[in-house]
Protein chains: 2
Amino acid sequence: MAAHPTDRLGFLLSFRGELTGARIRAALGVVGLHPRNAMTLMQLAPGAMSQRELAAVMEIDPSQLVAILNELEDAGLAGRRRDPADRRRHIVEITPAGVEALERVDAAVGAAERELFGDLTEAEQVLLRGLLDRVVVDPADHECG
Amino acid sequence: MAAHPTDRLGFLLSFRGELTGARIRAALGVVGLHPRNAMTLMQLAPGAMSQRELAAVMEIDPSQLVAILNELEDAGLAGRRRDPADRRRHIVEITPAGVEALERVDAAVGAAERELFGDLTEAEQVLLRGLLDRVVVDPADHECG
DNA sequence: TATTGTTATACTCTATAACTATA
DNA sequence: TATAGTTATAGAGTATAACAATA
């Protein structure tokens, strides 16, 4: 007992995840975009959707999405238009300039991943993915005291 | 190209790490302590040290440590005393009550880890630890834009 | 003059609730 | 009355700089 943080697998995963996240966010920012704005662009790439859907997918509050989309719109990387079927809704879509920016972001993230996982063989990366997928993370019923 | 976030190993590690961290923090809070206060107690368990050393070990600013130690001291879980050799220094040490609290925290973190990694065999947990240790996370020279 | 711990300040993030316009 | 988006406000967290005591 009395295990030091660094001896525990939970802390190791948490800390490595944190640092990996920081490295990925640095890559996301390559175009001069705030990391969360780049993430939003990624979510929009497959196709347009309403703000509410987008907020649900990204698991953020709709009110936070407003500022993100304002910035993306000001930068000409995404656009909002009213849904004719329900004029309360905004349909959000990525612009051609947004697609271009996203390509550069994708390349930077790919490079970051090659750096992060470069010491692992392809097989080991598959193994790591498989193990991570089996870590039980159900955020429910564990509020932080 | 144009890989969706969830397809990328970097995002997977980052997100799992995030959720694992949340679960661990919930466990750290079991005694009613703020997670970072419990972390501080963990660092103090092996032996006393100065505030500056403690801040260095925990990689936080010394000014942030002040509030943490105030709370731990108010709760009777840690104590500060002047270093006779250099009266500028505070020597920080865990109290018997702090050790007791830490035992309960340790038990809760252990339980959280059994939950998180319960689907993995011992061998797989060792494997996961080995793979995580080989992820290259050198935070230097990658500022977030 | 440099160092230890402390205080004060400002900035970012996030969470919440009110507000508008449409339905 | 309920829903989509927006705005405003407050709280936590963090980073920085100024400060007092000691070396």
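Bear in mind the structure is a predicted one, so any value in this text is a computation, not a measurement. No hydrogens, no waters, no symmetry mates; every other heavy atom, side chains included, goes into these values. Quick note on labels: first sequence line is chain A, next is B, and so on, each numbered from 1.
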Reported CZ-to-CZ distance for the pair B:Arg52 and B:Arg88, which is rounded to 0.5 angstrom: 10.0 Å
Within-4.5 Å side-chain heavy-atom neighbours: A:Leu9 and B:Leu128: yes
Protein-to-nucleotide contact annotation, 5' to 3' order, nucleotides 18-23 of chain D [B base; S sugar-phosphate only; - none; under 4.0 Å, heavy atom]: ----BS
A:Met49 CE to D:dA4 C1', straight-line distance once rounded to whole Å: 16 Å
Distance, nearest 0.5 Å, that separates CG of B:Leu72 from NE2 of B:His34: 11.5 Å
Over 12 foreign heavy atoms within 6.0 Å of CZ, A:Arg104: no
Sugar-phosphate or base contact per nucleotide [nucleotides 8-20 of chain C; S, B, -; heavy atom under 4.0 Å]: -----SSSBB---
Short side-chain N/O contact from B:Arg80 to OP1 or OP2 of C:dT4, under 4.0 Å: no
Side chain of A:Arg52 - closest among C:dT4, C:dT7, D:dA4: D:dA4
Flag side-chain contact, heavy atom, 4.5 Å: A:Thr40 against A:Val92: no
Donor-acceptor pairs under 3.5 Å, side chain of residues 11-19 of chain A to any protein atom, not counting sequence neighbours: which ones?
residue : atom : partner  : partner atom : Å
A:Arg16 : NH1  : B:Leu132 : O            : 2.9
A:Arg16 : NH1  : B:Asp133 : O            : 3.4
A:Arg16 : NH1  : B:Val135 : O            : 3.3

Pairing stems for DNA chain C [at least three consecutive pairs; Watson-Crick or G-U; under 3.5 angstrom]: C:1-23 with D:1-23
Counterpart residues, side chain to side chain contact (heavy atoms under 4.5 Å, CB included), relative to B:Arg87 (two or more places apart): B:Arg82
Pairs of donor and acceptor atoms involving the side chains of residues 57-69 of chain A, under 3.5 Å and at least two apart or interchain, shall be tabulated with distances.
residue : atom : partner : partner atom : Å
A:Asp61 : OD1  : A:Ser63 : N            : 3.0
A:Asp61 : OD1  : A:Ser63 : OG           : 2.8

Heavy-atom side-chain proximity of B:His4 to A:Gln43 below 4.5 angstrom: yes
Protein-nucleotide distance (A:His90, atom NE2; D:dT7, atom P), rounded to Å: 10 Å
For B:Glu71 against B:Asn37, the heavy-atom pair lying closest together: OE1-ND2, 2.8 Å
Heavy-atom side-chain proximity of A:Met42 to A:Leu28 below 4.5 angstrom: yes
Atom-to-atom span, CG of A:Leu65 to P of D:dA4 - whole angstrom: 13 Å
